[in-house]
Amino acid sequence: MSIPQLLTEFVDYVDFNQRSFFISAAAIAFNPTFWNIVARKEYRDHFITRAFGSAQKGCYALAATIFSLGLVRDFLYERALRDQPSHPALEGENVTYAAYALLALGNILVISSTWQLGITGTFLGDYFGILMDKMVTGFPFNITSAPMYYGSTMSFLGSALLYGKPAGILLTLHVLIVYIIAIQFENPFTSGIYAKRERERAKAGGYEEKKEL
């Protein structure tokens, strides 16, 4: 069977009449859209910092919100999978092993990334002015610059295979596209935050040198 025929057969096993499929897709797209809009607004006018009295508390509040939204998204994804038909080709033992491997590797990437960055580093502390002292280059950042996103994508795919649902594979592709778009917005903006800090440090250093002279 050719790849186009295989893809067509898999799509035939996606029930587009299920509302849960589209609700899950909407939740997947909503989360990174939400935190990017909110974080950029925080960076510009510090509305969360003002509401909670400090950048640290504000960042933790946003972290709790993002984490909660992630739980809701995962619940909706699982519900969507349960409403979809399974494909016989995804019910074999090897597929199950692959599913567990993807889930394990995905969680390793996500957990190790959070361990390296800490809560504020993971949950957009940069936008609150809570900057890392230096770039993290150890595992998993020596493998990919976005381990949280790619680890999450692997977990979505692992769940889709574990349930044997072609709809889950399609939603995983949606996850990947959403995250790639998010990276295109986040990376330049975050780089700009750190570049601004370096310019301010250089300016301050030059001022101190003039004072000494």
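Keep in mind the model is a prediction, meaning the values are calculated, not measured.
Interatomic distance, S20 OG to L76 CG, rounded to the nearest 0.5 Å: 9.0 Å. Here the straight-line distance linking atom CG of L105 with atom OH of Y100 works out to 14.5 Å at 0.5 Å rounding. Distance OG1/T120 to CZ/F128: 10.0 Å, rounded to 0.5 Å. Note that the CG atom of L162 and the OG atom of S155 stand 11.5 Å from one another [nearest 0.5 Å]. Taking NZ of K41 as the start and NE2 of H46 as the end, the distance is 11.5 Å to the nearest 0.5 Å. Residue F123 holds its CZ atom at 13.0 Å from CD1 of I130, rounded to the nearest 0.5 Å.
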(request) List the steps, then state whether side chain to side chain contact (heavy atoms under 4.5 Å, CB included) holds for T137 with N142. (result) CA-CA 6 Å; T137 56; N142 57 353; 6.0 Å; no
(message) Assess the residue pair I66 and L124 against the criterion (side chain to side chain contact (heavy atoms under 4.5 Å, CB included)); give the C-alpha distance rounded to whole Å, side-chain angles, the decisive distance to 0.1 Å, and a yes or no.
(response) CA-CA 10 Å; I66 292 172; L124 305 168; 4.0 Å; yes
(request) Determine, stepwise, if the pair D15 / D83 fulfils side chain to side chain contact (heavy atoms under 4.5 Å, CB included). (result) CA-CA 8 Å; D15 186 355; D83 290 341; over 6 Å; no
(message) With side chain to side chain contact (heavy atoms under 4.5 Å, CB included) as the criterion, how do L176 and F156 come out once you've worked through the C-alpha distance, each side chain's angles and the decisive distance to 0.1 Å?
(response) CA-CA 10 Å; L176 180 61; F156 272 94; over 6 Å; no
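Counting heavy-atom neighbours within 6.0 Å of F185 CZ, excluding the residue itself, gives a total of 12 or less.
Of the possible donor and acceptor atoms, one in the side chain of T65 sits under 3.5 Å from a partner among the backbone N and O of A61. With hydrogens and angles ignored, the 3.5 Å screen pairs no side-chain donor or acceptor of H87 with any backbone N or O of P166. A distance-only check finds a donor-acceptor pair linking the side chain of E42 to the backbone of T49 [under 3.5 Å]. Under the 3.5 Å distance criterion, the side-chain polar atoms of S145 are left unmatched by any main-chain donor or acceptor of F141. E186 places no side-chain N or O within donor-acceptor distance of the main-chain N or O of N36, the cut-off being under 3.5 Å. When atom types are taken as modelled, the side chain of Y194 and the backbone of M132 share a donor-acceptor pair closer than 3.5 angstrom.
The minimum heavy-atom distance between T122 and G118, with the atom names listed, is OG1-O, 2.7 Å. Across all non-hydrogen atoms, the minimal contact from V110 to G151 is CG2-C, 3.9 Å. Residues L109 and P140 come closest through the heavy atom pair CD2-CB, 3.6 Å. Looking at every heavy atom in both residues, G168 comes nearest to Y77 through O-OH, 3.4 Å. In this structure, I119 and A63 approach most closely via the heavy-atom pair CG2-CB, 4.0 Å. Nearest heavy atoms, V178 versus P32: CG1-CG, 3.4 Å.
Y127 has its ring centre less than 6.0 Å from the ring centre of F189.
Cluster membership check: F34 shares its hydrophobic cluster with I180, using side-chain heavy-atom separations under 4.5 Å among Ile, Leu, Val, Met, Phe, Trp and Tyr. Hydrophobic clustering of Ile, Leu, Val, Met, Phe, Trp and Tyr side chains at less than 4.5 Å, counting indirect connections, unites F47 with I193. Under a hydrophobic-cluster definition in which Ile, Leu, Val, Met, Phe, Trp and Tyr are linked whenever side-chain heavy atoms come within less than 4.5 Å, directly or via other members, Y149 and F30 are assigned to the same cluster. At a threshold of 4.5 Å between side-chain heavy atoms, the hydrophobic network of Ile, Leu, Val, Met, Phe, Trp and Tyr places I37 and Y43 in two separate groups. A single hydrophobic cluster is not seen to contain both F22 and L173; linkage of ILVMFWY side chains at heavy-atom distances under 4.5 Å, directly or through other members, places them apart.
F16 and F21 have perpendicular rings, their planes meeting at more than 60° on a 0 to 90° scale where under 30° would count as parallel.
Salt bridge status for R197 with E200: absent, with no side-chain N to carboxylate O gap under 4.0 Å.
For the pair I169/Y13, no side-chain contact is recorded, criterion being any heavy-atom separation below 4.5 Å from C-beta on.
Exactly one residue among L171, V175, T172 makes a side chain to side chain contact (heavy atoms under 4.5 Å, CB included) with L157. That residue is T172.
Side-chain contact check for D126 and T190: no donor-acceptor pair (N or O, by modelled atom type) lies under 3.5 Å. Between the side chains of Y179 and T153, no donor-acceptor pair of N or O atoms lies under 3.5 Å.
Listed by first and then second residue, the salt bridge (Lys or Arg N to Asp or Glu O under 4.0 Å) pairs that reach into residues 55-80 are E78-R82, sequence neighbours excluded.
Listed by chain and number, the residues in a ring-ring contact (aromatic ring centres under 6.0 Å, His included) with F52 amount to none (sequence neighbours excluded).
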